[in-house]
Every structure is written in C-alpha cells, then in structure tokens.
Amino acid sequence: MTTPETKPTLNFVQEIVEADNAARRWGTWPDGRPRVHTRFPPEPNGYLHIGHAKSIWLNYGLAEQYGGRFNLRFDDTNPVAEEQEYVESIVRDVRWLGVKWVGMRDVTGGARASGADAESGVIFSSDYFQQMHDWAVELIKKGRAYVCDLTSEETSTYRGTLTKPGTNSPHRDRSVEENLDLFERMRKGEFPDGSRTLRAKIDMASPNLNLRDPVMYRILHAAHHRTGGAWCIYPMYDWAHGLEDSIEGITHSICTLEFENHRPLYDWFIDAINEGRTEDGSGPWGRTIHHPQQIEFARLSVTHMLMSKRKLLELVKGGHVRSWDDPRMPTLSGLRRRGYTPEAVRNFCADVGVAKFNGTIEIVRLENAIREHLNRIAPRRMAVLRPLKLVITNFPEGSVEQLDAVNNPEDPSAGTRKVPFGRELYIERDDFREEPPKGYHRLYPGNEVRLRYAYFVKCTGVVKDMATGEVREVHCTYDPATRGGDSPDGRKVKGTIHWVSAGHAVDAEVRLYDHLFSAPFPEDVPEGGSYLANLNANSLEVLSGCKLEPSLAEAKFGHDAFGTIMPDRVQFERHGYFCVDMDAGPGRPVFNRTVSLKDSWAKVEKKG
RNA sequence: UACCCGGUAGUGUAACGGUAGCACAACAGGUUUUGGUCCUGUUGGUCGAGGUUCGAAUCCUCGCCGGGUAACCA
C-alpha cells in the first residue's frame, strides 16, 4: 500500500486510552477487544447544559469509538439537594443526545414508553450505600479511619489554611473498637446531624488540603429520593466516587480540572481498601478491587453564556427567563426548544476539542454548528416577519397562480412545492426604501427586483399615510415574461426578495432571540456588582402578525416515545432557521428563531 | 503568598527533537433566483530569559502571567 497514513489527531484523553489499550492495561472484553468503560455521573440537582454535553460526548464517544461501554450514573449522595424532577430531565437530555448506555431500553415504532422504560439501565450511587458502608468499616478496622466529634467549624479550624498545616483532631487516636462502636451508632441514628463524622486518617500537614483527614461520612437525618429513610449517614463525594467507579469496572474516570487535587485522594481510598487484599483473594481481606484511572479535562465555557447551576437556577427563580427550557438558556432543554439538533451539539463538542487549558469558546462556534446542520436538512419556506403590502397594479384582479418553489437547494431529493401568488402580496418592510442607501439592491422607486420563484417587478410608487407619512403600500408592475424568476431577454436584477400572497398568508407569532447576556463574560463584574447587570434587555423580541406561506400552517412539534419534544425546523428564506415552539397549537402557529442566517448586507450597511 | 495544573494567530485546537497546521472569526475576490450556501485568496501565532542540541513550541533552569484548592457540596 502506498496510501499515505492518515493519522487522525487525537486529543490527550484518546492518547491515554490508546496507550492503555495497546498495553491491555484494563484487560479485554469477551470479544478480545481491550476494555474501555466510561461513565457520565451527574448529580440530580439541576438541568443539564451545553457544558455537560461536552462531558457526555467525551465519555460516550470514547466508549463508542473503542468498542467499550458507557454507564449513566446518578451521583446521588446528598439527599438534601437532589430531586426526582432532575433525574427525569437528565435522562431525557442524555437520551436526546443520542447516547446509548448499558441497559438502556429503546422504544420505537410509535409506542408510548413508561417511566420505567426511560430509566432502565440507569444507575444510582445510592444503590451502593451498603457496600460503601462495609468498606468504611473495613478501613476503620485497618486503622485508616476514625470517628471525629469536632463540629464543622472546629473541623475547619483544625484543617489549617493554604499556607499553614493543620492540627490533628483530638479524636484521631481512638481505638478501633471505639470507632467501630461509634460508627455503628452513627448509622443507627443515635446522634444528631453534624455531631460526628467518619474521617480518613491521612495527614493533617499535607500541602494538599484534600488529604487533611477528609470526611467520609456525615450524619444527615434526611429522606433520600431513592433510599427514603434507610440511611441517616451519607458518604461524601471523595469517598464515594472512586468506589462507584470501581464497582462498575470503569476504566477511565473522566472529570473536570478542579478535581485534579482530588486525584491523590481518589487513589488513596482505593489503595486503602486494597491494603491486605490480593489478586487471587488469598489476602486477609480477600480480592483486590478494581482501581480506575482518573483523568481531568477543561470544562466548557462559552461567551455570552453562564454554566453555573446556581446562577441558572437564579435566572429561572428570579423570572429573568421563563423556565429551564427557555430558548435563551444554555440548558439542553433550552437548546432543544430553541431548535438545536443533537447532531449540531455533538459536532460543536467535537469541534471545540478536549484539552487541559481552561479557555472560553466564542458563541459563534455554537451558532456555526447549528447553521451548518440546518443548512443541510431544513426545508426552505417564505415568511414575512415585518409585513409591507405590495400591489402589482398590472396583475389581473382576483387571479391566483401556483408557482414552483425549491424546498432545499442543498438537497435535490427534497423536491419542490407550490406557492400561491396574487395581485397583493406582503414583502419585508426592510426590503423597500424610498431613498436607498448606497449598495442597496432591493426595492425602491424605479428599481426592478425579482420576487423569488415568481416574477420581476418594478417599483412604480408608494401609498403613504397622510397623517404620519408612513409607507402603507408599495405599488409595482410585473413582467409576465419573467414567470418563475428568469428573464428571457437576459436582463439582470441585483436583488431577489421573498414574499407571501396576502390572500393566502397564515398569521403567526415569531420569537426572535439574542444572547441572554450582552457581555461576552457575564461573570466579569466590578466589585460588588452582579452578573444580572449583564443581562441583555433585548434577548427576546416577540413579533405578531407575521405572514407565512400557507404550507407552514401544517408545521408542528411532535414528541418521541419518551415525551421529548421534536419540533419541525425550517429555514425562513433570507432570515434564518426557525422551529415550531411548544406554545403553538391548532390555528396558532408560533415559531422560535434558532439562529439567523449570516447577513453580510447588515454588516455593510452598519459600516455606512 | 503553600500545593497542583496550565500558557501556540482574535478564539479554540494540532504539531510528541526536524517546513508551526486546522477550524471559527476578520478582510478581499468569484459563483449564485436566499446580500444564504459553496469556492479561492489575504492578514495574523509559539509568554520571557538563559541552557542542552546540528536542530527546541516540544527537553532542562529561572522568571512572568492565568486557573484551581481551605463544604459535614459535587
């Protein structure tokens, strides 16, 4: 073979995985392929956003491309923050992205799925509470953990600071027997919230604060969304997470950069459990447990957006947006309602790449991704958003023609449709000027333009409101020889504008969106300021009385088997991509603008 | 002023000791029945100083700058 080796460039995580695979570091699947097993471990305390999509794409993508497996696991170790509502929304969003997790049930053929179907295969960390508890007892017996009676304030004081070492807890040297007894009584509920903790005995002088005897269990007499009242002690993230990964046989435990300092602890806990264990189970504590590799990557940041769950919640609660799925939100439910496709979101994630540098992606990259996909798949339609009446004075009164319009120039298989044409039309207000600026190619007195897929028309005059001077109607004549938009005499026009027949137009509401935050870095605020000051007052513009070509009356939004909305998406020619909003109903069309088309004329005009 | 991690065109990401490339953005032109798409071209970069080497974005040292870390959150 003389074919040049096409070496796909790998991101640093893929490089690690490939090196591991080459060394068979994690063994093999029954089919002989090297084992790769990833997971996405959200806490069910908020809605997923575009940043989570990057993590899901990374984790699932790895499993997919290396023939591995992927788990969807809820990290539900804190009963006070977590709710079933979030579980449902997260499952829906992960499914929407096109991910297949181990044990996932697919429902097709128009069947209606149940809640159990939706969550089949989904894992909950809380299912491992008993195992985690047993391992904690083991660490106590090994002298690696102790019950501490310090209050949270005292614990914090004893921990020291970034520059000063901590001090040992006075309870650090309790006997194994006493620790066992106390921990058992913690579990049985004998002590009030916050009165005691189980801590790992590591090193109060470590420069890594995570290693200064971290808390493994806290007492919380709170009902858990899954386990109810079964437990009143709950494991902390650092203790729980590696164990969850271990139990599931996760090979690469991928998380974001801020967990880099936690990796030594992740490793310490598993090593502590493995102390006294052997591969063949001959050790005093039995068989070694699996020890995954934690890998950290840079989380996604996008200009004009916010990813903080807390702030997103504030936007919803504070009424700055309508809901979690407000089309201006960076949530996956918001993007979906806005008209984004899972393909575009995935392409965007692939496009921005994976590295350890904490940067910020320009939002145009996201907009570019959805334009690129919708350009290929969205049917074209004509819609007049800000209507102005156009009267063709030499067109026979009462006559209607059906003209052929191409559905998608990028996709010949999409075919054509008929669009009705008559003497009175609507055109865009912006497509007519009494006094055209330099370089203006659209309609103005004396100028000839093409009505897309229809005829050449020449502007002959205007009708104005006597009182206000506002243009009420534009009058023109048409050239019957140019039917379809071609001139037999070879005469050219500079402009082509869209139109809708006044007698056939469908009235609609159209919602135009702009960045939720006008500042590229909304969180950059002066001392004492709030990111809320960076909200864009014009992020939503609602237009009513828009005129749509009649075929658009049939546009609707549907649902998949799990109830997730699947809106129809179209391009309004010369405007942008739009989708049907879930507020639409029979006889009440409502469209969201997903993203506008690029507009080089607007750029020119702005410059003057 | 402790520890950890980073720093390549405006933005993001490649180059793994051997020609600094790609995408988006910007700019210029071409095609066009969407001022869209598509095509062509242009501008523009290795944080700094030393060192190792025939050769350094890459390895070493020292600076500089940025991020993370002191929840009984994850």
Side-chain angles (χ1 to χ4, degrees), chain A residues 9-11 15 41-43 45 75-78 80-82 148 150-153 155-157 159-166 193-199 206-212 214-220 233-234 236-238 240-241 255-264 296 298 303 309 351-369 371-372 375-376 380 382 405-406 409-410 439-442 450-454 456 482 484-487 493-498 520 571-576 596-605:
Chain A
T9 96
L10 305 173
N11 64 52
E15 282 181 1
E43 183 187 14
N45 70 343
D75 208 0
D76 57 348
T77 56
N78 183 2
V80 301
E82 297 150 7
C148 180
L150 258 26
T151 65
S152 61
E153 296 77 38
T155 305
S156 174
T157 307
R159 185 155 35 232
T161 68
L162 293 174
T163 52
K164 280 201 277 293
D193 287 3
S195 59
R196 284 178 224 264
T197 57
L198 182 73
R199 300 176 68 180
S206 172
N208 182 343
L209 302 244
N210 293 122
L211 264 20
R212 319 247 261 229
V215 172
M216 295 164 65
Y217 277 94
R218 77 282 214 184
I219 301 172
L220 237 36
I233 54 171
Y234 290 92
M236 300 290 293
Y237 169 86
D238 286 305
H241 203 87
C255 60
T256 45
L257 251 28
E258 70 270 26
F259 290 101
E260 231 158 1
N261 293 329
H262 294 242
R263 191 178 351 123
E296 311 84 13
T303 59
K309 277 189 199 171
D351 185 43
V352 301
V354 180
K356 297 193 73 162
F357 176 70
N358 247 325
T360 303
I361 307 295
E362 292 172 332
I363 198 168
V364 293
R365 297 283 286 272
L366 181 60
E367 295 168 349
N368 185 64
R371 277 198 195 100
E372 202 247 340
N375 176 51
R376 284 184 281 125
R380 314 288 132 122
M382 292 197 283
V406 172
E410 305 295 317
Y440 189 81
H441 296 157
R442 282 108 97 149
R450 172 167 39 235
L451 294 176
R452 186 132 159 104
Y453 299 127
F456 283 14
T482 58
D486 281 312
S487 57
V493 288
K494 283 248 180 76
T496 300
I497 65 176
H498 62 276
Q571 183 197 97
F572 288 173
E573 295 220 27
R574 302 208 302 133
H575 281 298
S596 66
L597 252 27
K598 285 186 190 164
D599 188 350
S600 58
W601 163 246
K603 233 190 251 183
V604 171
E605 199 181 19

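Reminder, nothing fancy here: chain letters follow the sequence lines and each chain counts from 1. This is a predicted model, so every value here is computed, not measured.
- Pair assignment for B:A28: B:U40, on the basis of Watson-Crick or G-U wobble contacts that are both within less than 3.5 Å.
- Here the nucleotide nearest the side chain of A:Asn261, chosen from B:A70, B:U37, B:G68, is B:G68.
- Summarising the geometry, atom OH belonging to A:Tyr453 is positioned 11.5 Å from atom CG belonging to A:Asp486; distances are rounded to the nearest 0.5 Å.
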Generate the contact string for nucleotides 8-14 of chain B. Rules: B means base contact, S means sugar-phosphate contact only, - means no protein heavy atom under 4.0 Å. --BBSSS
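- Residue contacts shown for A:Pro41 are absent, as no nucleic acid heavy atom lies under 4.0 Å away.
- Side-chain to base pairing of A:Glu260 with B:G67: no donor and acceptor N or O lie closer than 3.5 Å to each other.
- Nucleic acid contact class of A:His262 (heavy atoms, under 4.0 Å, all strands): base.
- Within 4.0 Å of A:Phe456, counting heavy atoms only, lies no atom of the nucleic acid at all.
- Within 4.0 Å (heavy atoms only), A:Phe259 reaches at least one base atom of the nucleic acid.
- Nucleotide B:A25 carries an anti base; the chi torsion (O4'-C1'-N9-C4 or O4'-C1'-N1-C2) is more than 90° from 0.
- Rounded to an integer number of Å, the gap from CG of A:Asn78 to C1' of B:A74 is 8 Å.
- Picking from B:C24, B:G35, B:A2 the nucleotide with the shortest atom distance to the side chain of A:Arg574 gives B:G35.
- Checked by atom type and distance alone, the side chain of A:Asn208 pairs as donor or acceptor with a backbone atom of A:Asn261 at under 3.5 Å.
- In this structure, the side chains of A:Pro264 and A:Asn210 stay at 4.5 Å or more apart for every pair of heavy atoms.
- Base contact: A:Leu150 has a heavy atom under 4.0 Å from a base atom.
- Among the nucleotides B:C4, B:U1, B:A25, the one closest to the side chain of A:Asn368 is B:A25.
- Atoms CZ (A:Arg263) and P (B:G68) sit 18 Å apart, rounded to a whole Å.
- In terms of the side chain to side chain contact (heavy atoms under 4.5 Å, CB included) criterion, residue partners of A:Lys356 (sequence neighbours excluded) are, by chain and number, A:Phe12, A:Leu257, A:Glu260, A:Glu296.
- A:Glu296 places its CD atom 13 Å from the C1' atom of B:U69, with the value rounded to the nearest Å.
- With B:G36, B:C3, B:A70 as the candidates, the nucleotide lying closest to the side chain of A:Pro207 is B:C3.
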